[in-house]
Each structure stands twice: as structure tokens, then as C-alpha cells.
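See below for the structure under consideration.
Each ligand, and each atom within it, is numbered from 1 in the order the structure gives. In this chain, residues are counted from 1 in sequence order. The analysis underlying the following values was restricted to heavy atoms, covering all of them including side chains, and did not include hydrogens, waters or symmetry mates.
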Amino acid sequence: MRTPWVVGVSGASGTGYARSVITGLLDAGEPIDLVVSRAARLTLLDETNLSLRDSHWEADVETWLGRGIGDMRYWTPGDLAAGPSSGSYPTQGMVVVPASTAAIAGIAIGLSKDLLQRAADVTLKERRPLVVVPRETPLTRSTLKHLLTLDEAGAVVLPASPGFYAGTRSVQQLVDFVAGKVLDSLEIKHDLITRWTGELGAGQ
Ligand SMILES: Cc1cc2nc3c(=O)[nH]c(=O)nc-3n(C[C@H](O)[C@H](O)[C@H](O)COP(=O)(O)O)c2cc1C
């Protein structure tokens with residue numbers, strides 16, 4: 001039975017993190033169900049110049065990733081009858097990357113205002129892995145409380161905070177660092193990160 005990871009891309013800055021997570025999952029041969037929120041279309045446009053069209057999603061996602069889409073399904077954000085909106089639809093879990101403060105709030109209170117939030121709520125209620133990657137700074141007390149609620153509900157809160165200790169030479173390495181930590185959380189093998197060896201300066 002096909003059992004995908006749901007990748008939810010919400011409208012926070014940092015679409016490159018989503019791209020790197022998706023690429024890592026595809027490289028590992030994992031199936032993906034992709035949900036891109038309406039607001040994320042604006043961040044995609046702003047950050048990559050890509051206009052994502054639901055009717056041409058395969059070509060557009062291929063352009064965004066710069067590679068084939070592998071075993072990917074695409075659901076529109078308003079489609080509350082989509083597979084991932086039900087707990088009986090098999091998934092391995094979900095990543096919300098990047099996670100807007102609005103999506104964080106919606107998931108924390110079970111708002112389910114769109115498919116991304118509903119799929120995250122389903123992931124929590126089914127006790128499947130949920131990784132949420134906030135990209136906002138500074139954080140309001142309200143967002144901090146919502147993040148604590150998500151942690152208490154069993155989600156992994158994994159801020160988009162790259163480490164600089166691995167001899168970083170490019171922005172892409174910083175992006176991949178965060179994506180690699182997401183894949184570590186999902187127990188997906190990858191080679192996105194130069195891992196700490198216990199030796200200072202080894203990455204230089
Ligand atoms: C270019 C752009 C960048 C944004 N960056 C962020 C961000 O980094 N973090 C955040 O929480 N919201 C950010 N926002 C605001 C969200 O898009 C907005 O709160 C939206 O309602 C989120 O909706 P969604 O959770 O359904 O995707 C940004 C909006 C735009 C247009």
C-alpha cells in the first residue's frame with residue numbers, strides 16, 4: 001500500500017527548506033503527498049519567481065525542484081475531501097515546512113481552516129510523526145504557547161535555525177542543514193549534513 005509522507009508548505013519565508021526536504025525524501029525513494037497553502041504561493045513567487053498553478057502542478061513543481069517529482073501526489077489547499085484530511089488515509093506522518101505562525105496557531109487549536117491544517121490535525125490525532133518548522137523571529141508569547149501546545153501533542157518543533165559548525169561555505173548548505181535535521185526526525189537516511197565528529201574545526 002502506498003504510504004506517503006505529507007509535506008505541507010505554508011506561507012512563511014523559507015520555501016528553500018521545503019524544496020530541500022522534498023528532494024531528500026525523493027532521493028530516499030519516499031512517496032510524497034504535497035499540500036501548498038494559498039499564502040505559500042506568494043512566498044514561492046517572491047523567493048523563486050515561480051507561479052504555482054494547480055492545473056500544471058507537475059510541470060511547476062518539477063521546475064521548482066529542478067528534478068523529477070518521483071512518486072508525488074498533489075492536493076489543492078481548499079480540498080477538504082482530499083486523502084490526507086482523513087485518518088483512514090494511510091500516511092507515514094507529516095512535515096510542515098516552513099511553518100507560518102498562522103499555520104502553527106491553526107494546528108495548535110485544531111482550526112483545520114484548510115487542507116494543510118486539517119492534515120496536520122489528523123496526523124496528531126492518529127499519533128503519527130508531525131514535524132513543524134517555524135520561520136519567524138522574534139516570536140510572540142502567543143506563538144510560543146502554540147509551539148508548546150504542539151510539543152505537548154507529540155509534534156517535533158524544529159525551528160529553521162541552521163548550525164554553522166560544519167565548515168559552511170554556501171547558503172544552500174545552511175538550508176540543507178535544517179532539511180537534514182527534519183529528515184533525521186523522520187528517520188530518513190540522507191547525506192545533507194556534515195555531521196559533528198567531536199573534533200573542533202574538522203569542517204574547515
Ligand atoms: C513574502 C511573505 C513572507 C512571509 N514570511 C513569513 C514568515 O517568515 N513567517 C510567518 O509566520 N509568516 C510569514 N508571512 C505571512 C504569512 O504568509 C501569513 O500569515 C499567511 O496568513 C499564512 O497562511 P498559511 O499558514 O495558510 O500559509 C509571509 C508573507 C509573505 C507574503
What atoms in ligand 1 come closer than 4.0 Å to a heavy atom of S37?
24 (P), 26 (O), 27 (O)

Closest to atom 10 (C) of ligand 1 among protein heavy atoms sits E136 OE2, 3.3 Å

Would you please say whether a donor-acceptor pair under 3.5 Å links the side chains of Q172 and D176?
yes

Around atom 19 (O) of ligand 1, find the nearest protein heavy atom and jot down its residue, atom name and distance.
A102 CB, 3.9 Å

Considering non-hydrogen atoms of the protein only, which is the closest contact for atom 11 (O) of ligand 1, and what is the distance?
T101 N, 2.8 Å

For side chain to side chain donor-acceptor pair (under 3.5 Å), just list the numbers for T140 and T143, CA-CA rounded to whole Å, side-chain angles, deciding distance to a tenth of an Å, and then say yes or no.
CA-CA 5 Å; T140 63; T143 298; 3.2 Å; yes

Any heavy atom of K113 closer to ligand 1 than 4.0 angstrom?
yes

For the pair W57 and Y74, name the ring-plane relationship: parallel under 30°, tilted 30 to 60°, perpendicular over 60°.
parallel

Which atoms of ligand 1 sit under 4.0 Å from any heavy atom of S10?
25 (O), 27 (O)

CD of E187: more than 12 outside heavy atoms within 6.0 angstrom?
no

If you scan protein heavy atoms around atom 9 (N) of ligand 1, the nearest is R135 O, 2.9 Å

For ligand 1, which atoms have a heavy atom of A103 less than 4.0 angstrom away?
25 (O)

Give me the nearest non-hydrogen protein atom to atom 20 (C) of ligand 1 as residue plus atom name, then the distance to 0.1 Å.
A39 CB, 3.7 Å

Under a 4.0 Å heavy-atom limit, does T43 contact ligand 1 with its side chain, its backbone, both, or neither?
side chain

Check: F177 ring centre within less than 6.0 Å of Y17 ring centre
no

Looking only at heavy atoms, is any part of S13 under 4.0 Å from ligand 1, and if so is it the side chain, the backbone, or both, or is it neither?
both

Hphob cluster co-occupancy, L124 + V122, side-chain heavy atoms under 4.5 angstrom:
no

Distance-only side-chain donor-acceptor flag, D54 / T76, under 3.5 Å
no

Among P98, A99, G11, S100, closest by heavy atom to atom 13 (C) of ligand 1 is G11

When you check the side-chain N and O atoms of Q173 and T168, is any donor under 3.5 Å from an acceptor?
no

